[in-house]
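Input: a single structure, listed below in structure tokens.
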Amino acid sequence: MDNEDNNRVGYLHITELPDALLVNVAKYLAKPSVAIFAVAMAGTSSNIWQPTQTGNAIISAASYWWSGVGRTRTATNQWQEIDFRDIEESLSSKLTDDDMHSILMCIDAIHNVKILKLIGCSGITGS
């Protein structure tokens with residue numbers, strides 16, 4: 001797509017969608033995919049994740065679930081265990097150390113994650 005296509009009437013980029021819509025999309029993703037989605041929506045050119053309003057909204061919403069009784073919002077620690085076996089190997093195998101760093105920063109892993117399973121993450125070298 002060239003610059004002329006980007007300026008045409010009616011063109012909408014995913015970053016222009018409301019955060020509420022993106023949060024609702026994230027509800028249908030596996031935990032690792034939610035974090036990857038939040039990092040991708042940051043849209044930074046660097047390999048290090050930088051907090052954004054959209055990314056924070058996605059991660060924050062994923063930390064809650066709606067109970068069936070009275071539709072009350074209850075806090076959970078969704079990030080206590082993350083298993084990359086829950087996503088397609090075609091994606092997990094492409095993740096790099098920089099990607100993993102961004103994912104872990106995005107979910108505040110130092111305070112939240114107790115179990116991290118890197119099954120299928122063959123691109124992770126530990127650097």
Side-chain angles (χ1 to χ4, degrees):
M1 214 181 240
D2 62 17
N3 216 11
E4 187 176 307
D5 289 334
N6 290 338
N7 293 325
R8 69 176 193 240
V9 175
Y11 175 81
L12 184 65
H13 192 270
I14 193 169
T15 58
E16 297 170 19
L17 293 173
D19 288 349
L21 178 64
L22 299 173
V23 166
N24 282 326
V25 168
K27 289 180 183 178
Y28 295 95
L29 301 174
K31 283 191 279 188
S33 295
V34 170
I36 292 169
F37 183 48
V39 169
M41 292 309 301
T44 60
S45 59
S46 72
N47 289 335
I48 305 303
W49 181 77
Q50 299 294 318
T52 64
Q53 181 177 343
T54 300
N56 288 339
I58 292 167
I59 293 302
S60 178
S63 299
Y64 291 90
W65 63 276
W66 291 95
S67 71
V69 180
R71 308 295 289 169
T72 58
R73 204 170 169 173
T74 307
T76 65
N77 188 353
Q78 172 163 331
W79 306 110
Q80 192 168 15
E81 179 178 340
I82 300 180
D83 187 348
F84 280 83
R85 178 179 37 202
D86 293 340
I87 62 174
E88 292 290 323
E89 190 172 346
S90 61
L91 173 59
S92 62
S93 65
K94 294 177 185 174
L95 294 173
T96 65
D97 288 351
D98 286 340
D99 296 330
M100 190 58 63
H101 178 262
S102 292
I103 291 165
L104 295 175
M105 293 293 294
C106 173
I107 61 173
D108 192 20
I110 197 162
H111 295 109
N112 293 314
V113 176
K114 294 188 186 328
I115 299 169
L116 178 64
K117 298 179 181 178
L118 298 175
I119 297 165
C121 297
S122 56
I124 306 295
T125 63
S127 64

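Quick note: residue numbers are just sequence positions, from 1. Since this is a predicted model, take the numbers as computed values, not measurements.
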Set of side chain to side chain contact (heavy atoms under 4.5 Å, CB included) partners for [X], sequence neighbours left out:
X: I14; result: L17, L22, M41
X: S33; result: L29, A30, I87
X: Q53; result: D19

What residue pairs, at least two apart or across chains, pass salt bridge (charged side-chain N to carboxylate O under 4.0 Å, His left out) with a residue in residues 117-127? E81-K117
Listed once per pair and sorted, the salt bridge (charged side-chain N to carboxylate O under 4.0 Å, His left out) pairs that draw on residues 85-94, sequence neighbours left out: D83-R85
Please name all residues satisfying side-chain hydrogen bond (donor to acceptor under 3.5 Å, both in side chains) with S93, sequence neighbours left out, ordered by chain then number. none
Residues in side-chain hydrogen bond (donor to acceptor under 3.5 Å, both in side chains) contact with S92, at least two apart in sequence or another chain: none
Identify the heavy atoms of V34 and A26 that sit nearest to each other, and give their distance. CG2-O, 3.4 Å
Please give me the minimum heavy-atom distance between A35 and I107, naming the atom from each residue. CB-CG2, 3.8 Å
Distance from [X] atom [atom1] to [Y] atom [atom2], nearest 0.5 Å?
X: L118; Y: L95; atom1: CG; atom2: CG; value: 9.0 Å
X: K31; Y: Q80; atom1: NZ; atom2: CD; value: 8.0 Å
X: I59; Y: T54; atom1: CD1; atom2: OG1; value: 12.0 Å
X: F37; Y: C106; atom1: CZ; atom2: SG; value: 11.5 Å
X: I124; Y: T96; atom1: CD1; atom2: OG1; value: 6.0 Å

Would you indicate whether the side-chain heavy atoms of [Y] and [X] approach each other to under 4.5 Å?
X: I115; Y: I82; answer: no
X: I58; Y: V25; answer: no
X: I119; Y: F84; answer: no

Any chance the side chains of S102 and D99 put a donor and an acceptor closer than 3.5 Å? no
Do the side-chain N and O atoms of D108 and H111 include a donor-acceptor pair separated by under 3.5 angstrom? yes
Under 6.0 Å from the CD1 atom of I110, do we count more than 12 heavy atoms belonging to anything else shown? no
D97 meets the salt bridge (Lys or Arg N to Asp or Glu O under 4.0 Å) criterion, sequence neighbours left out, with none
